[in-house]
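Report on the following structure.
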Amino acid sequence: AVANARDNDSLEIKKDSWLDRFMNRTKSKSAEEIGRMLEEDDELEEQHVSAAATGQSAIIEETQSHFTCFSCVDGSLYEFDGRKKFAINHGPTSKDTLLEDACKVMRKFMDLDPEEVRFTMVALVAKPPSQEV
């Protein structure tokens, strides 16, 4: 999600962090090349293993929960879901209407099972300007 917003002027990534280095290495790469580089990245795997070892939750082998990302790519709203074979194009959007457009799609998913309450949504948005109190 963050990498898809790399051209967003308000996106601040810590200099020389893993994400900063990875995004710089993949600027001119195709989605397939980036995916391969992500799979083969030893530093990311080491960080994941380290974080998982300090976790407080038990490992659950089977889960109904998963992460889906909605992003604006070349003026279209794409749904990225690891359970699907490819990204789903949900039509036109823009950086100004992304949240509203994504919410419309998510509402359709929620309407499939109105009794289901296990649903979380997170938005990656620009940092608001400082406000004086």
Side-chain angles (χ1 to χ4, degrees):
V2 172
N4 282 324
R6 77 171 74 210
D7 295 327
N8 184 335
D9 293 335
S10 62
L11 183 65
E12 293 181 29
I13 298 173
K14 184 178 178 183
K15 269 291 199 218
D16 203 37
S17 64
W18 175 87
L19 184 58
D20 181 54
R21 292 190 307 275
F22 186 79
M23 288 178 61
N24 285 327
R25 283 195 317 267
T26 60
K27 276 183 186 174
S28 62
K29 305 292 184 191
S30 70
E32 291 79 14
E33 291 171 314
I34 294 170
R36 226 174 291 113
M37 291 173 74
L38 193 58
E39 287 176 351
E40 297 170 357
D41 192 285
D42 292 334
E43 183 181 356
L44 178 61
E45 183 177 356
E46 290 167 11
Q47 292 295 324
H48 174 66
V49 169
S50 175
T54 62
Q56 299 175 8
S57 301
I59 296 174
I60 300 171
E61 295 298 328
E62 292 185 34
T63 180
Q64 295 298 319
S65 302
H66 71 287
F67 173 81
T68 301
C69 174
F70 291 90
S71 186
C72 176
V73 180
D74 297 330
S76 291
L77 174 64
Y78 279 92
E79 171 190 348
F80 299 96
D81 182 338
R83 294 181 177 178
K84 296 181 180 170
K85 292 186 180 203
F86 48 86
I88 307 297
N89 184 332
H90 287 282
T93 195
S94 70
K95 71 176 190 174
D96 296 327
T97 63
L98 173 61
L99 183 58
E100 180 182 346
D101 297 335
C103 285
K104 288 177 186 175
V105 174
M106 287 183 272
R107 171 56 63 192
K108 291 177 186 176
F109 293 148
M110 293 168 65
D111 288 344
L112 294 174
D113 189 356
E115 301 300 315
E116 179 58 69
V117 296
R118 295 174 294 168
F119 182 84
T120 303
M121 180 172 45
V122 176
L124 302 176
V125 298
K127 181 178 170 183
S130 300
Q131 297 179 0
E132 292 184 33
V133 179

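Residue numbers start at 1 and run along the sequence shown.
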Among all residues two or more places apart in sequence or in another chain, which pass the side chain to side chain donor-acceptor pair (under 3.5 Å) test with [X]?
{"X": "Thr97", "result": "Thr93, Ser94, Asp101"}
{"X": "Glu33", "result": "Ser30"}
{"X": "Lys84", "result": "Glu79"}

If you round to the nearest 0.5 Å, how far is [atom2] of [Y] from [atom1] of [X]?
{"X": "Leu98", "Y": "Phe70", "atom1": "CG", "atom2": "CZ", "answer": "10.0 Å"}
{"X": "Arg21", "Y": "Asn24", "atom1": "CZ", "atom2": "CG", "answer": "10.0 Å"}
{"X": "Ser76", "Y": "Asn89", "atom1": "OG", "atom2": "CG", "answer": "4.0 Å"}

Partner set under salt bridge (Lys or Arg N to Asp or Glu O under 4.0 Å) for Glu116, not counting sequence neighbours: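 Residues passing salt bridge (Lys or Arg N to Asp or Glu O under 4.0 Å) with Glu116: Arg118.
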Applying salt bridge (Lys or Arg N to Asp or Glu O under 4.0 Å), can you list everything that pairs with Asp42, at least two apart in sequence or on another chain? none
Which residues share a side chain to side chain contact (heavy atoms under 4.5 Å, CB included) with Asp41, sequence neighbours left out: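 With neighbours one apart ignored, the set is Trp18, Phe22, Arg25, Glu43, Leu44.
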According to side chain to side chain contact (heavy atoms under 4.5 Å, CB included), who are the partners of Ser17, at least two apart in sequence or on a separate chain? Ile13, Lys14, Leu19, Asp20
Give the other cluster members for Val117, using side-chain heavy-atom distances under 4.5 Å between Ile, Leu, Val, Met, Phe, Trp and Tyr residues; answer none if it is isolated.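 Grouped by the 4.5 Å side-chain rule, Val117 forms a cluster of one, so the answer is none.
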Please list, one pair per line, the donor and acceptor atoms closer than 3.5 Å that link side chains of residues 103-115 to other protein atoms, with sequence neighbours excluded.
none

Transitive ILVMFWY side-chain link Ile88 to Leu77, under 4.5 Å: no
